[in-house]
Amino acid sequence: MSGTLYVVATPIGNLEDMTYRAVRILQEVSLIAAEDTRHSRKLLNHYGINTSLISYHEHNEESRSAQLIAKLQGEESIALISDAGTPCIADPGYRLVSRCRQEGIFVVAVPGPSAVVAALSISGLPTDAFRFVGFLPAKTHGRCQFFEQIKDEQQTIACYEAPHRLLSCLVDMVDVCGADRPIAVARELTKRHEELFSGTVAEALESFAQSAVKGELVLLLGPAPERQPEGTVRETLLRLREETELSWKEIVKQVAKEFGLPGSEVYKESLELR
Ligand code: SAM
């Protein structure tokens, strides 16, 4: 029997957002692997947890994983935490989890806060499907290239951004995704100065340009508006027949999908053109 690796979520600002189970697991394990041990000590002190800490961060993930695997195989149970929120979500951890899985070591989630989920839950934007992209590229060129790729996405795009880059990021968003695209900006969630901006990208730019932006941010870009097909059903049928090598059957299927019409209706119209 090997020990268990517990992946434990911790608060993203408000210390009360710690679950009972998270506190118990952190007390019971023999070791806590933390991104920044000094930072996490404050949280542990708050809950009277005296468990030993060891560092686990992006610069020692490889070597530390081997050490932690050896301990887990020696039947010790270990908790993994990050500075805030859920480990492995734009945070170190997945290498250790992946190695545990390869070695047949139990990995158990102790769920709790994550900034992206908290922001989505209060944004008022569609959340039935969303795409989380972590941190945006830091420079305009990379950012614009990225926005080109996602500008037609039909789901909400969630990302993390540094406060000093917010304005240039919004300028690039206006350029590539359009001024009227809906956006939510969640700032300092669960903390004293928590705020949620909701509006268009242009309005966000105007609002955040008023004073220096501080604190931690989650950006949520709303889905792209559904594109309206151009021309009539008949014109589209004829155009596809002239411009493509598709069969009538394929053309009817494509046009029905584009116009949101029953295939039988489009088929009837196509018969008049054949
Ligand atoms: N693993 C964490 C999670 O589950 O939320 C995210 C870690 S990532 C290194 C840190 C980024 O998350 C911050 O730069 C910020 O963009 C976002 N973030 C963390 N706490 C936040 C908060 N209280 N309010 C808004 N955004 C936050």
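Counting starts at 1 for both ligands and their atoms, following the listed order. Throughout, numbering of the chain's residues begins at 1 and tracks the sequence.
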Considering only non-hydrogen protein atoms, determine which one is nearest to atom 25 (C) of ligand 1 and report residue, atom name and distance to 0.1 Å.
-> E216 O, 3.3 Å
Measure from the side-chain N and O atoms of Q210 to the backbone N and O of E206, and report whether any donor-acceptor pair falls under 3.5 Å.
-> yes
Please confirm whether A115 comes within less than 3.5 Å of ligand 1 when only nitrogen or oxygen atoms on both sides are compared.
-> yes
Protein residue, atom and distance nearest to atom 7 (C) of ligand 1, heavy-atom basis = D91 OD2, 3.3 Å
W248 side, atom CH2; Y267 side, atom OH - distance, nearest 0.5 Å | 11.5 Å
Are a donor atom and an acceptor atom from the side chains of R95 and S98 found within less than 3.5 Å of each other?
-> no
Going by heavy-atom distance to atom 16 (O) of ligand 1, choose the closest among L219, D17, T86, L217.
-> L217
Quick one: do R24 and E28 make a salt bridge, cutoff under 4.0 Å?
-> yes
So which protein heavy atom does atom 22 (C) of ligand 1 come closest to, and at what separation?
-> L189 N, 3.6 Å
Taking N or O atoms only and a 3.5 Å limit, does I12 qualify as a polar contact for ligand 1?
-> yes
So if you build clusters from Ile, Leu, Val, Met, Phe, Trp, Tyr with side-chain heavy-atom gaps below 4.5 Å, do F197 and L217 land together?
-> yes
Is there a side-chain contact between L205 and L167 (heavy atoms, below 4.5 Å)?
-> yes
Numbering the atoms of ligand 1 from 1, which are under 4.0 Å from a heavy atom of G85?
-> 3 (C), 4 (O)
Min N/O separation S114 to ligand 1 under 3.5 Å | yes
Look at the side-chain heavy atoms of Ile, Leu, Val, Met, Phe, Trp and Tyr, link any pair under 4.5 Å apart, and say whether Y94 and L80 land in one connected group.
-> no
So is there a nitrogen or oxygen of A90 less than 3.5 Å from a nitrogen or oxygen in ligand 1?
-> no
Is it true that T190 lies under 4.0 Å from ligand 1, counting heavy atoms only?
-> no
With a 4.0 Å heavy-atom cut-off (strictly under), which part of K191 contacts ligand 1: side chain, backbone, both or neither?
-> side chain
A84, portion touching ligand 1 at heavy-atom distance under 4.0 Å = backbone
Measure the distance from atom 10 (C) of ligand 1 to every protein heavy atom, then report the residue, atom name and distance (to 0.1 Å) of the closest one.
-> F135 CZ, 3.9 Å
Considering only heavy atoms of I89, which atoms of ligand 1 have at least one such atom less than 4.0 Å away?
-> 1 (N), 2 (C), 4 (O), 6 (C), 7 (C)
Indicate, with yes or no, if L68 and L5 share a hydrophobic cluster defined by side-chain heavy-atom contacts under 4.5 Å among Ile, Leu, Val, Met, Phe, Trp and Tyr.
-> yes
Spatial distance of atom OG (S40) from atom CD1 (I81) [nearest 0.5 Å] = 3.5 Å
